[in-house]
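These notes are about the structure you will find just below.
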Amino acid sequence: MEVTLNWYLMLSALLFVIGVLGVLFRRNVIVILMSVELMLNAVNLTLVALAQNMGDPAGQILVFFVIAVAAAEAAVGLAIIIAIFRNRLTVDVTEINLFKY
Amino acid sequence: MNASTLILVILLLPLAGALFCGLVGLFVPALRQREGLIGFVGTSMVIVPFLAVLYLFLNFDGDAIVVSFYTWMAAGDLSISFAYRIDQLSLVMTLVVTGVGGLIHLYSVGYMHGDPGFWRFFAYLNLFIFAMLNLVLGDNLVVLFLGWEGVGLSSYLLIGFWYTDLKNSAAANKAFIMNRVGDFCFLLAMFLLFRELGSLDFDVLLIQGPSLNKGVLYLIVFLLFIGATGKSAQIPLFTWLPDAMAGPTPVSALIHAATMVTSGLYLLARLSPLVLAAEGIMALIAIVGALTAIMAATIAITQNDIKKVLAYSTISQLGYMFLATGVGAFSVAIFHLVTHAFFKGCLFLGSGSVIHGMHDVEHQLQSSGDSGEFDAQDMRTMGGLKKFMPSTRITFLIAGFALSGIPLLSGFFSKDEILFRAFESASTNNYGLFVWGIGIVTAFLTAVYMTRSYVLTFEGEPRWPQAKKIMPRESPWTMTLPLWVLGILSIVGGYIGLPTVFAHGDWNLIHHYLGDSFGGPVAEVQGEANVALSTEWILLALGATIAIVGVAIAWRWYSKHGLAFDETLRARFGWLYRVAERKYFVDEAYERVIVKPLIGSAEKGFGPFDNYVVDGLVNAVAFITRGLSFVLKYIQTGIVQTYAMAIVIGVILVLVLMLFG
Amino acid sequence: MAAQILFFLLATVAIAAGLGMLLSKSPVSSALWLILNLFCIAGLYLTLNAEFIAVVQILVYAGAIMVLFLFVIMLLNLDALPDVNNIEWKRVFGFTLGMGVLALLWFAVASSLDILPYKISAGRAAEVGSATSLGEVLFTQYAMPLEVIGILLLAATIGAVMIAKRKPV
């Protein structure tokens with residue numbers, strides 16, 4: 001059976017959902033951030049697969065940009081986590097709830 | 001000097017004057033008491049337009065000039081512009097408004113001297129002139145209505161000028177609200193006209209209007225007539241005018257004698273082709289006018305306040321004008337309007353001069369500690385003023401004679417023409433004789449009450465306290481000059497409309513100017529009836545005799561007996577006198593039938609409705625929001641993952657919609 | 001044949017690594033599992049002829065971003081903190097949501113089997129992912145976003161430093 005585009009798309013969907021479950025379930029903020037990275041990677045996989053399929057490099061250019069933005073986002077996100085840790089001495093997301101009613 | 005520029009000058013100068021006086025008074029306290037400046041600006045902003053109108057009048061060649069400045073609204077089939085029209089009728093009206101208005105502005109400089117609201121007065125007065133000019137110069141019913149409402153507003157502001165006294169505010173409210181009833185009917189008429197003819201321009205209305213279906217036409221003219229009764233104080237909407245005397249006397253002179261109250265007449269004259277086509281309504285107009293005339297005249301005899309007498313006199317004379325309209329003599333109604341502006345304006349200004357003097361007496365009495373219940377306007381405490389106020393006395397007398405219809409004065413010519421036309425119309429309708437008869441009786445009554453007023457005020461011995469020591473003075477030149485001008489006009493103003501007996505009406509200048517058989521804008525009854533020349537002379541003589549006899553016997557009665565003669569009248573006429581004195585209980589009737597039920601339904605019906613339903617709705621909204629928030633606040637857990645879950649739910653919804661929607 | 005075996009191998013390891021990251025107790029091991037995942041995805045990129053992107057992925061993602069994560073985890077000394085790393089097993093509802101998303105996405109892919117084209121010619125395929133063709137497009141058509149990305153990275157750098165630095169005592 002030939003490996004077609006659909007296989008890649010379904011794989012990336014699965015990885016994406018694993019990332020979503022990570023965001024919803026883990027209490028450690030850093031692990032949540034890592035799950036977000038996983039989601040971004042899944043999307044990148046989709047983009048590259050489609051770019052290959054349609055013969056248009058624009059998809060890969062977009063992946064390039066996504067990786068750059070993910071790097072920036074990871075840096076700033078971790079900086080924020082460090083700042084919060086300094087104040088609250090916790091990285092448990094259920095305890096960082098100042099916006100509670 | 002083309003017409004557009006002149007029209008702009010005429011219209012905008014009074015508006016500028018109003019803005020100047022108003023803004024200066026509001027924001028520059030230092031200038032508020034500079035009566036010279038404010039008075040000069042206010043007055044000149046009316047005199048200059050008068051000169052402009054005079055120029056237009058002298059150069060008028062007979063073709064109507066229509067200038068349109070700006071399209072105000074254009075929606076669907078409706079297109080209304082600020083369009084103004086110069087023709088014979090509007091020229092006559094504008095001359096009266098700016099001429100008499102200018103004189104009254106000058107008078108006000110003297111009369112309102114020392115009043116802290118001096119600047120406000122002139123601002124309102126100029127505003128009134130602006131609105132009135134819009135009314136008479138407009139080329140479509142909408143601009144006319146704009147002016148109509150504007151004069152109503154100015155009237156309200158000026159009647160309640162001394163607003164700190166609640167009675168004055170109440171009078172202003174009464175005037176405005178009663179006018180509103182009339183305005184409502186006017187609006188309905190406008191809606192109907194637009195629906196039938198698709199336009200509100202006079203060109204369209206005057207040409208296509210008369211050929212409308214009779215039922216609709218009758219309704220329209222009837223509604224217009226009700227609107228006119230509101231503004232011109234006829235039955236049923238007249239009780240506001242006597243109350244309006246609470247305003248300063250120049251206001252009473254300008255608005256409630258010379259100009260605003262004539263707006264109703266102007267409306268009917270302008271739309272005369274339509275009114276002529278509605279014969280049944282013409283009968284109504286004539287009869288209502290006649291009945292109003294005689295009713296007001298009977299009330300005037302019983303009144304003690306000098307201004308109230310003149311107010312009822314105005315209602316009565318307006319009744320004459322409506323009478324004329326009802327028999328188809330529109331241009332004669334306008335003629336009487338003009339002469340009435342002269343002599344009634346003069347009378348009101350004269351009464352203001354008297355009141356001015358009596359206020360002086362009041363102040364002197366107060367400083368000597370003796371004023372008590374002194375009313376400066378009550379004729380019972382006047383008397384003998386001819387020694388102290390000669391100019392006022394002479395002009396008041398002249399104008400009074402003119403009003404009574406003494407021959408060769410202006411009022412004689414106009415009133416007689418009205419009666420003659422009423423008599424003449426009897427050959428083509430069945431009410432002419434009736435209204436003629438009422439007119440004759442009213443003429444007699446007019447002479448009586450006017451002479452009574454004069455004699456009680458100026459003749460005899462002074463009746464106020466300490467009359468030997470305290471004496472009033474004549475008013476300043478700013479007040480007596482307009483009196484003299486108007487007095488002279490009351491004499492000569494009638495010669496523009498000499499009766500038909502002379503040269504078969506060829507010397508009736510105003511008729512030739514306005515009437516449409518001579519190219520003017522005002523419609524005329526078709527077919528002059530053939531009344532014999534001798535009959536005309538008899539009628540003329542009859543009118544003259546009644547006036548002279550009325551004046552003579554009233555002079556004799558009141559000179560001889562003074563106030564005591566009122567008691568004689570009361571005894572002689574018993575219940576009739578009492579009813580007239582109580583103004584036929586009209587106010588009481590309105591109070592019982594209209595006002596009390598309205599207030600009651602507001603208190604019992606709308607009050608609770610407002611409290612429970614409207615407020616309830618508002619409170620319910622707040623209540624629901626609070627309730628919802630009590631429930632919904634638990635979504636805000638503060639934990640990021642909750643929000644992430646919400647996002648995921650959203651994603652699912654979007655996917656479902658995209659895949660299956 | 002070989003291509004399929006390669007794909008299934010890489011796919012399986014990627015999924016396993018993802019689950020590993022999801023389920024492991026210590027954050028350090030989560031990070032390591034994620035690195036494994038990233039390598040697998042890089043391999044998948046290679047099977048798709050996207051060589052440039054694969055290398056960039058390893059260099060930047062696995063080599064820089066994950067290293068940064070590990071730095072922070074060790075800086076905060078998270079292993080020493082108790083109980084933070086648990087999974088809340090009570091969230092069944094969330095689980096079903098996730099499954100729902102998955103089902104919908106698979107359905108979307110499966111139902112468009114006939115719409116998506118399968119393969120392009122081999123020659124073109126090899127060319128698409130090369131650095132040359134990417135460079136050509138990047139520096140002409142997408143030059144502006146490139147510059148903007150530069151500014152974005154600058155902003156992120158400054159932002160990270162400002163947020164995380166210790167306030168002077």
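Just so it is clear, the values below take in all heavy atoms, side chains as well, and ignore hydrogens, waters and symmetry mates. Computed from a predicted model, the values in this text were never measured in an experiment. Letters go in sequence order (proteins before strands), and every chain restarts at 1.
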Check whether [X] gets within reach of chain A through its side chain, its backbone, both or neither, counting any heavy atom under 4.5 Å.
X       : answer
L102(C) : both
A155(C) : neither
I163(C) : both
M66(C)  : side chain
L38(C)  : side chain
L68(C)  : both
F52(C)  : side chain

Which pair of non-hydrogen atoms, one from [X] and one from [Y], has the smallest distance, and what is that distance?
X       : Y      : answer
I18(A)  : L22(C) : O-CD1, 4.1 Å
A156(C) : A72(A) : CB-CB, 3.5 Å
R26(A)  : S30(C) : NH1-OG, 4.0 Å
S35(A)  : M21(C) : OG-CE, 3.4 Å
V137(C) : P57(A) : CG2-CG, 3.6 Å
V48(A)  : A50(C) : CG1-CB, 3.7 Å

- [ ] Kindly check if the number of other-residue, nucleotide or ligand heavy atoms within 6.0 Å of CZ (R86(A)) is above 12?
- [x]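 Atom CZ in R86(A) is crowded, with more than 12 foreign heavy atoms closer than 6.0 Å.
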
Open item on the list: For M99(C), I'd like to know if atom CE has over 12 heavy atoms of other residues, nucleotides or ligands within 6.0 Å.
Closed with: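 It does: M99(C) CE has more than 12 such atoms within range.
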
When only pairs under 4.5 Å are counted, which of [options] shares the most heavy-atom pairs with chain C?
options                        : answer
N44(A), L40(A), V63(A)         : N44(A)
L15(A), I30(A), N41(A), I82(A) : N41(A)
V76(A), V17(A), L33(A)         : V17(A)
I61(A), I80(A), I81(A)         : I61(A)

TODO: Indicate, with yes or no, if the rings of F64(A) and Y142(C) have centres closer together than 6.0 Å.
DONE: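 Centroid separation for F64(A) and Y142(C): 6.0 Å or greater.
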
TODO: Let me know if V93(A) has heavy atoms under 4.5 Å from chain C in its side chain, its backbone, both or neither.
DONE: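 Contact with chain C involves no heavy atom of V93(A) at all.
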
Task: Part of E37(A) within contact of chain C (heavy atom distance under 4.5 Å) - done: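 The answer is both parts of E37(A).
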
Below 4.5 Å, heavy-atom pairs only: which of [options] has the largest tally toward chain A?
options                 : answer
I53(C), T157(C), T47(C) : I53(C)
A14(C), G98(C), A64(C)  : G98(C)
L97(C), V101(C), V72(C) : V72(C)

Task: Heavy-atom donor-acceptor pair, W106(C) side chain to M10(A) backbone, under 3.5 Å - done: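 Confirmed, W106(C) side chain pairs with M10(A) backbone.
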
To the nearest 0.5 Å, what is the distance between [atom1] ([X]) and [atom2] ([Y])?
X      : Y       : atom1 : atom2 : result
L14(A) : L105(C) : CG    : CG    : 10.5 Å
Y45(C) : L45(A)  : OH    : CG    : 5.5 Å
N49(C) : Q60(A)  : CG    : CD    : 9.0 Å

TODO: Would you sort out whether V56(C) and I67(A) count as a side-chain contact (heavy atoms from CB on, under 4.5 Å), showing the intermediate values?
DONE: CA-CA 9 Å; V56(C) 165; I67(A) 293 178; 4.1 Å; yes

Task: I15(C) side chain reached by L11(A) side chain, heavy atoms, under 4.5 Å - done: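 Touching, per the 4.5 Å side-chain cut-off.
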
- [ ] Please assess L24(A) against F95(C) for the test side-chain contact (heavy atoms from CB on, under 4.5 Å), listing each intermediate value before the final yes or no.
- [x] CA-CA 8 Å; L24(A) 292 181; F95(C) 185 74; over 6 Å; no

- [ ] May I ask you to decide if the ring planes of F8(C) and W7(A) are parallel, tilted or perpendicular, using 30° and 60° as cut-offs?
- [x]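 Taking W7(A) first and then F8(C), their aromatic rings stand perpendicular (interplane angle over 60°).
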
- [ ] Take F65(A) and L138(C) through the side-chain contact (heavy atoms from CB on, under 4.5 Å) test and state the conclusion after the steps.
- [x] CA-CA 10 Å; F65(A) 288 142; L138(C) 185 63; 3.9 Å; yes

